[in-house]
Protein chains: 2
Amino acid sequence: MPKDRAPTRIQRKNRAAILDAALEVFSAQGFRGATVDQIASAAGLSKPNLLYYFPSKEAMHEAVLSQLLDTWLDPLRALDPIGDPIEEILGYVRRKLEMSRDFPRESRLFANEIVQGAPRIHEVLSTDLKALVDEKTAVIQGWIDEGRLAEVHPYHLIFSIWSLTQHYADFDVQVRAVLGKEDPFDAAPEFLETLYRRMLRPA
Amino acid sequence: MPKDRAPTRIQRKNRAAILDAALEVFSAQGFRGATVDQIASAAGLSKPNLLYYFPSKEAMHEAVLSQLLDTWLDPLRALDPIGDPIEEILGYVRRKLEMSRDFPRESRLFANEIVQGAPRIHEVLSTDLKALVDEKTAVIQGWIDEGRLAEVHPYHLIFSIWSLTQHYADFDVQVRAVLGKEDPFDAAPEFLETLYRRMLRPA
DNA sequence: CGTGACTTTGACCTTTTGGTCAAATCAAAG
DNA sequence: CTTTGATTTGACCAAAAGGTCAAAGTCACG
């Protein structure tokens, strides 16, 4: 463990390599399923070397997870109360779907964590996440009250967006097994746009 | 390992207890995360006793998983080409949602398996599951061609049902963290019914 | 260069865990 | 009640896995 000065060039490079390798392995195997040796070899370093940069496997997991949580909610934060209701929600759906396509490892890491009861992030969920969702559902309810969106349970609307978009990352193998050669991301954007336009257009 | 006669009373009881305990533990911890000791204590038996009934942890996992696969697809199989299109699909949605409510462990076991790349069931997915989905999407496409359902990508329609309903089981802790005291299953049925009625009503 | 701090690793330790086994206990058919 | 097969378990074993450490190698800078 180096002193707590500014990180050196080597430290930055190796920490980044380790975090990337850890994301790779944790997202594919879960916390218990991942071994430090796997992460080490994915990072191109020796096991004791990893433990020079992070005090434990647990610490690597925490680092990867907190790095993820930092950005995971950005698409929802970007939902703008000033914009057009339907376009704002469609924009959110599109951003989330792009994240599933471009960052499936992050999605799966998150899914692994939640499916297993979110032991390490339960706190964040019921404080930060809840607060953000409360805020945005209030905006949505406002739009509904103004007659600019069809009547819909705003919390379940958010859940539906999470589930529909993350499904393409988390259940990728299943989706691809069923679709055969066709790429899920060819039709998914249009499918989701159509779905939400039909659901949300005011009567 | 008993001879391969008809199972005794004790064998039936203990095998059932082990499978239930294994489902409990595997669904909560994943395969690697589960230990034989945890399963043993959940089943109220000693570890060597478990290994008297199943040759390995792997075998327990296989048994639980194949027992699950047996019934997991029943709700989709029940989708009837003769019935009313929208009511048939709503019925499927309702059955799947009830499974999420009543059998969350099964849903999470399945989710764990798929998220981690479905190493043990990939075969089943691309043969049995694909065949069933191919059959049912053909039915749905038929309904669309007859003008009895709105235009929609039938495969992605199925995916949407899977993701929306299983989300309430697999991401239960997240959903509850956000909702607070409210039970997700109070509003979910109506939300999903409304969603699919709006999406599927022919123009 | 030389020096002190940073980095790397081979060897090793400990705990956890899947699995084995022989001996002990139990069930039930005759 | 005895015999025989089924069931149970305490004691072990070996491999896997997280983690430690001292010694060796590298880097950067005066």
Side-chain angles (χ1 to χ4, degrees), chain A residues 1-65 112 116 119-120, chain B residues 1-65 109 112-113 116 119-120:
Chain A
M1 346 73 169
K3 304 284 164 56
D4 75 25
R5 310 214 180 117
T8 69
R9 176 181 51 87
I10 294 177
Q11 274 170 44
R12 269 196 305 278
K13 181 171 68 80
N14 283 350
R15 275 180 195 277
I18 293 169
L19 287 179
D20 186 74
L23 173 61
E24 182 73 26
V25 177
F26 283 135
S27 69
Q29 315 268 141
F31 179 74
R32 284 284 313 263
T35 74
V36 177
D37 271 313
Q38 283 175 320
I39 300 172
S41 94
L45 298 171
S46 68
K47 180 168 70 166
N49 206 173
L50 289 217
L51 293 162
Y52 169 73
Y53 288 101
F54 292 88
S56 68
K57 176 182 168 182
E58 179 71 41
M60 294 174 214
H61 190 251
E62 240 170 59
V64 171
L65 209 50
N112 259 308
Q116 303 194 0
R120 307 158 219 271
Chain B
M1 352 65 176
K3 302 282 162 55
D4 75 26
R5 307 212 181 117
T8 69
R9 175 180 51 86
I10 294 176
Q11 272 169 47
R12 267 195 306 277
K13 181 172 68 78
N14 283 348
R15 274 180 195 277
I18 293 169
L19 287 180
D20 186 73
L23 173 60
E24 182 73 25
V25 178
F26 283 136
S27 69
Q29 316 267 145
F31 179 74
R32 281 285 313 268
T35 74
V36 178
D37 271 313
Q38 283 176 318
I39 300 173
S41 93
L45 298 170
S46 68
K47 180 168 71 167
N49 206 173
L50 288 218
L51 293 162
Y52 169 72
Y53 288 101
F54 292 87
S56 68
K57 175 183 170 183
E58 179 72 40
M60 295 174 214
H61 190 252
E62 240 171 59
V64 170
L65 208 51
L109 180 71
N112 259 308
E113 192 61 19
Q116 303 194 359
R120 306 158 221 271

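In what follows, chains carry the letters A, B, and so on, assigned in the order in which the sequence lines appear, proteins first and then strands, with residues in each chain numbered from 1.
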Could you give the [atom1]-to-[atom2] distance, from [X] to [N], as a whole number of Å?
X: B/D37; N: D/dG10; atom1: CG; atom2: P; answer: 12 Å
X: A/Q29; N: D/dA16; atom1: CD; atom2: C1'; answer: 15 Å
X: A/E58; N: D/dG18; atom1: CD; atom2: C1'; answer: 12 Å
X: B/K57; N: C/dT20; atom1: NZ; atom2: C1'; answer: 17 Å
X: A/K13; N: D/dC27; atom1: NZ; atom2: P; answer: 10 Å
X: B/L50; N: D/dT7; atom1: CG; atom2: P; answer: 14 Å
X: B/L51; N: D/dG10; atom1: CG; atom2: P; answer: 14 Å
X: B/H61; N: C/dG18; atom1: NE2; atom2: P; answer: 13 Å

Angle class for the A/H61/A/F26 ring planes (parallel below 30°, perpendicular above 60°, tilted otherwise)?
perpendicular

Hey, is the side chain of [X] poking within less than 4.0 Å of OP1 or OP2 on [N], counting only N and O atoms?
X: A/R32; N: C/dT17; result: yes
X: B/N14; N: D/dA6; result: no
X: B/Q11; N: D/dA6; result: no
X: A/T8; N: C/dT7; result: yes
X: B/Y52; N: D/dT8; result: no
X: B/Y53; N: D/dT8; result: yes
X: A/N49; N: C/dT9; result: yes

[Y] side chain reached by [X] side chain, heavy atoms, under 4.5 Å:
X: A/F54; Y: A/R15; answer: yes
X: B/V64; Y: B/D20; answer: no
X: A/R32; Y: B/T35; answer: yes

Select base, sugar-phosphate, or nothing to describe what A/A34 touches, counting heavy atoms under 4.0 Å on all strands.
sugar-phosphate

D/dG18, D/dC27, C/dT9: which one has an atom nearest the side-chain heavy atoms of A/R9?
D/dC27

Both A/P48 and B/P55 contact DNA chain C. Which one's nearest nucleotide lies toward the 5' end?
A/P48

Thinking salt bridges, do B/E113 and B/R120 make one under a 4.0 Å N-O criterion?
yes

Do A/K47 and D/dG18 have a side chain to base donor-acceptor pair shorter than 3.5 Å?
yes

